[in-house]
Amino acid sequence: MHSSPKDIEQLLQRAHHIAGWQLGEIAAELGIAAPHDLRHHKGWVGQLLEHWLGASAGSRPEPDFPHLGVELKTVPIDANYKPIESTYISVCPLTGLRGLRWQDSAVCHKLSHVLWIPVQGDKSIPVAQRHVGMPLLWQPTADEQQQLQRDWEELIEQVALGKVESITAHQGELLQLRPKAANRKALTEAIGPDGCKINTLPRGFYLRTSFTKLLFQRNFS
DNA sequence: TGTTGATCATGC
DNA sequence: GCATGATCAACA
């Protein structure tokens with residue numbers, strides 16, 4: 001399966017097909033090797049499943065399945081099916097924020113329709129032997145949508161007011177804003193406290209682990 | 001032991 | 001550097 005799925009049904013079918021498989025089996029089907037650990041291959045699992053499911057390659061700011069409007073997210077889980085990491089959503093724009101509305105934001109678009117695929121994340125299990133879980137096609141409820149919008153607006157407002165460097169990951173109920181960079185030296189332009197331009201670490205929006213935990217609890221138990 | 005801030009790989 | 005895919009690892 002490398003071609004783009006023709007509809008959501010086919011996408012779900014492919015996802016269900018590999019539920020219960022080990023990552024090494026999928027890798028073998030695709031003719032690629034599994035790394036021994038993810039320390040130097042942090043995005044490997046996500047990219048493996050992208051390939052298998054036929055997601056469009058590339059690093060464009062688009063959904064993984066543009067024609068379906070569906071975003072793919074793989075989530076590491078523990079033995080109880082609980083997510084053990086936060087989920088990266090998108091970069092946060094740090095300039096040109098005037099008039100930017102939630103409805104037009106990347107976060108809103110990406111989270112409007114998500115295919116979640118849980119994968120065992122216990123570091124004691126060799127990567128190739130980790131099992132893929134049941135897929136979950138999700139759309140935020142009205143309540144979730146509202147809370148996401150509140151978080152986003154609160155964070156974006158502070159960025160627009162030049163307070164990006166005083167935002168911590170403690171802020172936000174569902175979303176959080178955290179560094180998203182190659183390292184401490186990768187800087188980008190932002191608005192400073194006095195309204196002048198400053199250089200700061202690029203930031204990204206993440207979904208809290210506590211939220212995906214609830215999400216999986218609701219749907220897998 | 002859960003979270004936050006930092007980091008790794010890749011393509012362009 | 002930016003955007004994709006994320007997980008690591010130090011600290012509270």
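Lettering of chains follows the sequences in order, A, B, ..., and the numbering in each one begins at 1. If you're wondering where the values come from, they're calculated on a predicted model, not measured in any experiment.
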Donor-acceptor pair, His131(A) side chain versus Gly20(A) backbone, under 3.5 Å?
-> yes
Terminal axes of the helix from dT1(B)-dA12(C) to dC12(B)-dG1(C) (five pairs each): angle between them, nearest 10 degrees = 30°
Inspect the surroundings of CD in Gln103(A) and state if more than 12 heavy atoms from other residues, nucleotides or ligands are less than 6.0 Å away.
-> yes
When every non-hydrogen atom of Asn80(A) is compared with those of Asp78(A), the smallest separation belongs to N-OD1, 2.8 Å
Under 4.0 Å between any heavy atoms, over every strand shown, what does Gly43(A) touch: base, sugar-phosphate, or nothing? Just pick one.
-> base
Do the side-chain N or O atoms of Thr188(A) get closer than 4.0 angstrom to the phosphate oxygens (OP1, OP2) of dC2(C)?
-> yes
Roughly how many Å is it from CZ in Arg203(A) to C1' in dA3(C), rounded to a whole number?
-> 17 Å
Check: Leu48(A) and Ile26(A) side chains under 4.5 Å, non-hydrogen atoms = yes
Check Val164(A), Thr95(A), Leu100(A) against Val159(A) for a side-chain contact (heavy atoms from CB on, under 4.5 Å) and give me the one that passes.
-> Val164(A)
Report the residues that fulfil ring pair (Phe, Tyr, Trp, His ring centres under 6.0 Å) with Tyr88(A), sequence neighbours left out, ordered by chain and then residue number.
-> Tyr206(A)
Whole-Å gap separating P (dG5(C)) and CZ (Arg60(A)) = 11 Å
Upstream residue (5' side of DNA chain C) when Glu85(A) and Gln47(A) are each assigned their closest nucleotide = Gln47(A)
Can you find a pair of side-chain heavy atoms, one from Pro135(A) and one from Leu115(A), that are under 4.5 Å apart?
-> yes
Near DNA chain B, under 4.0 Å by heavy atom, which residues of residues 166-187 of chain A?
-> Thr168(A), Ala169(A), His170(A), Gln176(A), Arg178(A), Pro179(A), Lys180(A), Ala181(A), Ala182(A), Asn183(A), Arg184(A)
Measure the distance from CD on Glu62(A) to P on dT4(C) and round it to the nearest whole Å.
-> 10 Å
Base, sugar-phosphate alone, or nothing: which one does Thr87(A) contact when heavy atoms must sit under 4.0 Å apart?
-> nothing
Residue-phosphate contact under 4.0 Å: Tyr88(A) side-chain N/O, dT4(C) OP1/OP2 | yes
Could you please name the option among dT4(C), dG5(C), dC8(C) that lies closest to any side-chain atom of Val91(A)?
-> dT4(C)
Tell me: NZ of Lys42(A) to P of dC8(C), nearest whole Å?
-> 7 Å
Here the distance between atom P of dA6(C) and atom CZ of Arg130(A), to the nearest Å, is 14 Å
Interatomic distance where NE2 belongs to His51(A) and C1' belongs to dA6(C) [whole Å] | 15 Å
Does a side-chain N-to-carboxylate-O contact under 4.0 Å join Lys163(A) and Glu165(A)?
-> no
Can you tell me if Gln147(A) and Asp143(A) form a side-chain donor-acceptor pair at under 3.5 Å?
-> no
note: Arg39(A), atom CZ; dG5(C), atom C1'; distance rounded to Å ~ 19 Å
For His36(A), does the NE2 atom have more than 12 heavy-atom neighbours from other residues, nucleotides or ligands under 6.0 Å away?
-> no
Between Lys82(A) and Leu201(A), which is nearer to the 5' end of DNA chain B once each is assigned its nearest nucleotide?
-> Lys82(A)
Under 4.0 Å between any heavy atoms, over every strand shown, what does Lys110(A) touch: base, sugar-phosphate, or nothing? Just pick one.
-> sugar-phosphate
Bounded by its outermost nucleotides with an atom under 4.0 Å from a heavy atom of chain A, the footprint on DNA chain B reads dT4(B) to dG11(B)
Quick note, side-chain hydrogen bond (donor to acceptor under 3.5 Å, both in side chains) partners involving residues 171-184 of chain A, not counting sequence neighbours, are Ser86(A)-Arg178(A), Gln158(A)-Gln171(A), Gln176(A)-Arg178(A)
Considering residues at least two apart in sequence or located in another chain, which fulfil the salt bridge (charged side-chain N to carboxylate O under 4.0 Å, His left out) criterion with Glu29(A)?
-> none
Under the 3.5 Å rule, do the base of dA6(C) and the side chain of Tyr206(A) count as making a donor-acceptor pair?
-> yes
Nearest-angstrom distance from the residue atom NE2 of His109(A) to P of dA3(C) | 16 Å
Give a yes/no answer on whether the side chain of Thr74(A) brings an N or O atom under 4.0 Å of OP1 or OP2 in dA6(C).
-> yes
Salt-bridged, Arg218(A) to Glu144(A), with N to O below 4.0 Å?
-> yes
